[in-house]
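First, the structure itself, so that you have it in front of you.
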Amino acid sequence: MSERQVDQKLVVKVQQGDKTAFDVLVLKYQHKVIKVIMRYIRDPSEALDVAQEAFLKAYRAIPRFRGDSAFYTWLYRIAINTAKNHLVAARRRPLDYDLDPQDPDQYDMQGRLSDGDTPEHLVLSEEIRDTVNRAIQHLPEDLRTAIILREMEGMSYEEIAQTMECPVGTVRSRIFRAREAIDKKLRPLLD
């Protein structure tokens, strides 16, 4: 029995009122969902909250799940949309910094972030990772989602097309353009 078939049987049980079946789906996919949400929301505790919200939305929507796509594709779509909605809502809230203006140690971020004894290759690899992460964060939403689902989640082009609700050709184009943009940012470091 394929993963998709196993998931579909669990979904049918949930639709029939078996809450334990949904717990199985949560346990099966919680790490993947949190991982995809962490690509949008860096704060781990915030990402956990958003993941919980995504699972709650999925639970409420599961009676309408028809199985046209794989369950995890449907769940990822919910998780991504929940993360995006969270970011939009967060931009509307005023920033609340918990800084004590009398404490100069709070302003010494450079001292905490740098380590003079780090070997050059570790610094370069960290710089490359940071550059890639920054490049991904600055991509347009559609390109960022496509590259994250492909490179971080290992989804096939077909699965990404289902998740993003667009043709496979569009997914290929978005991933190509995202890779091109990331490569452009990396080139100065690697030359």
Side-chain angles (χ1 to χ4, degrees), residues 29-55 72-73 75-157 159-161 163-164 166 170-191:
Y29 291 113
Q30 67 184 350
H31 295 294
K32 287 183 176 186
V33 167
I34 291 168
K35 195 169 140 187
V36 79
I37 288 172
M38 289 284 294
R39 287 280 148 205
Y40 292 89
I41 300 166
R42 297 290 183 178
D43 182 299
S45 64
E46 224 177 304
L48 287 172
D49 289 345
V50 172
Q52 187 173 5
E53 184 182 343
F55 278 114
Y72 69 89
T73 303
L75 180 62
Y76 277 4
R77 191 177 312 135
I78 291 171
I80 289 168
N81 288 337
T82 305
K84 288 178 187 178
N85 292 341
H86 177 80
L87 289 173
V88 168
R91 283 188 208 121
R92 291 185 190 138
R93 288 191 298 264
L95 295 176
D96 180 28
Y97 293 109
D98 195 20
L99 291 177
D100 178 1
Q102 304 303 316
D103 185 0
D105 290 339
Q106 291 182 350
Y107 299 102
D108 183 26
M109 290 304 250
Q110 186 62 33
R112 283 189 252 157
L113 294 176
S114 65
D115 180 8
D117 297 330
T118 305
E120 185 177 306
H121 73 278
L122 287 177
V123 170
L124 181 59
S125 66
E126 187 174 323
E127 193 173 340
I128 289 170
R129 188 182 69 244
D130 290 345
T131 301
V132 168
N133 285 334
R134 266 194 316 278
I136 289 172
Q137 290 305 314
H138 287 97
L139 288 171
E141 192 72 37
D142 55 344
L143 301 186
R144 181 172 62 230
T145 300
I147 197 76
I148 286 171
L149 293 176
R150 178 69 181 163
E151 300 301 335
M152 311 304 178
E153 296 303 316
M155 287 181 142
S156 70
Y157 289 102
E159 291 168 333
I160 297 168
T163 301
M164 296 185 74
C166 65
T170 302
V171 169
R172 291 184 192 281
S173 170
R174 288 175 179 171
I175 290 172
F176 176 80
R177 291 186 355 239
R179 286 178 177 156
E180 216 173 36
I182 293 167
D183 184 54
K184 189 175 178 181
K185 298 285 186 189
L186 276 177
R187 219 171 284 135
L189 286 176
L190 301 176
D191 288 344

Taking the side chain as every heavy atom from C-beta outward, state whether Ile80 and Ile148 have any pair of such atoms under 4.5 Å apart.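 When only atoms from C-beta onward are counted, Ile148 and Ile80 do not touch, as no gap falls below 4.5 Å.
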With sequence neighbours excluded, what pairs up with Asp142 under the salt bridge (charged side-chain N to carboxylate O under 4.0 Å, His left out) test?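 Checked Asp142 against salt bridge (charged side-chain N to carboxylate O under 4.0 Å, His left out); matches are Arg174.
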Salt bridge (charged side-chain N to carboxylate O under 4.0 Å, His left out) partners of Arg77, counting only residues at least two apart: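 Here the qualifying residues are Glu165.
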Are Leu149 and Met164 close enough, and set up right, to give a side-chain contact (heavy atoms from CB on, under 4.5 Å), and what steps lead you there? CA-CA 10 Å; Leu149 293 176; Met164 296 185 74; 4.3 Å; yes
Can you see which heavy atom on Ala54 is nearest to which on Ala79, and at what distance?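 That would be CB-CA, 3.8 Å.
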Are Glu53 and Ile37 packed together at the side-chain level, in the sense that at least one heavy-atom pair is separated by less than 4.5 angstrom?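 Result no, sub-4.5 Å side-chain heavy-atom pair not found.
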Which atom names give the shortest non-hydrogen contact between Ala51 and Ile34, and what distance separates them?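 Between these two residues, the closest heavy atoms are CB-CG1, 3.7 Å.
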Test side-chain contact (heavy atoms from CB on, under 4.5 Å) on Glu153 and Thr163; report intermediate values, then the result. CA-CA 12 Å; Glu153 296 303 316; Thr163 301; over 6 Å; no
Would Val33 and Gln52 count as a side-chain contact (heavy atoms from CB on, under 4.5 Å) if you check the C-alpha gap in whole Å, the side-chain angles of each, and the deciding distance to 0.1 Å? CA-CA 10 Å; Val33 167; Gln52 187 173 5; over 6 Å; no
Identified side-chain contact (heavy atoms from CB on, under 4.5 Å) partner of Tyr40 from the options His86, Arg144, Gln137: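 That would be Arg144; it is the only one of His86, Arg144, Gln137 passing the side-chain contact (heavy atoms from CB on, under 4.5 Å) with Tyr40.
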Are any of the side-chain heavy atoms of Tyr76 and Met155 separated by less than 4.5 Å?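 Yes - at least one pair of side-chain heavy atoms lies under 4.5 Å apart.
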Value rounded to 0.5 Å, distance of CZ in Arg172 from CZ in Arg177: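 The CZ atom of Arg177 is 15.0 Å from CZ of Arg172, to the nearest 0.5 Å.
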Residue from Thr145, Val50, Ile41 passing side-chain contact (heavy atoms from CB on, under 4.5 Å) with Lys84: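 Option passing the side-chain contact (heavy atoms from CB on, under 4.5 Å) with Lys84: Thr145.
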Does the side chain of Arg179 reach to within under 4.5 Å of the side chain of Leu143, using non-hydrogen atoms?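 Not in contact.
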How close do Ala146 and Ile160 get, counting heavy atoms only, and between which atoms?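 Closest approach of Ala146 to Ile160: O-CD1, 3.9 Å.
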Closest non-hydrogen atom pair between Leu139 and Ala178, with its separation: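 Nearest heavy atoms, Leu139 then Ala178: CD1-CB, 3.8 Å.
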Tell me whether the count of non-hydrogen atoms from other residues, nucleotides or ligands lying under 6.0 Å of CD in Glu151 goes above 12.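 Yes, enclosed.
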When rounded to the nearest 0.5 angstrom, what is the spacing between NZ in Lys32 and CE in Met152?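 Nearest 0.5 Å value for the NZ-CE distance: 15.5 Å.
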If we only count heavy atoms from C-beta on, is the Phe55 to Ile78 side-chain gap below 4.5 Å?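 Contact flag for Phe55/Ile78 side chains = no.
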Any idea which heavy atoms bring Lys185 and Ala135 closest together, and the distance?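 Minimum heavy-atom contact is CG-CB, 3.9 Å.
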So how far is it from Ile182 CD1 to Glu180 CD, rounded to the nearest 0.5 Å?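 Answer rounded to 0.5 Å: 11.0 Å.
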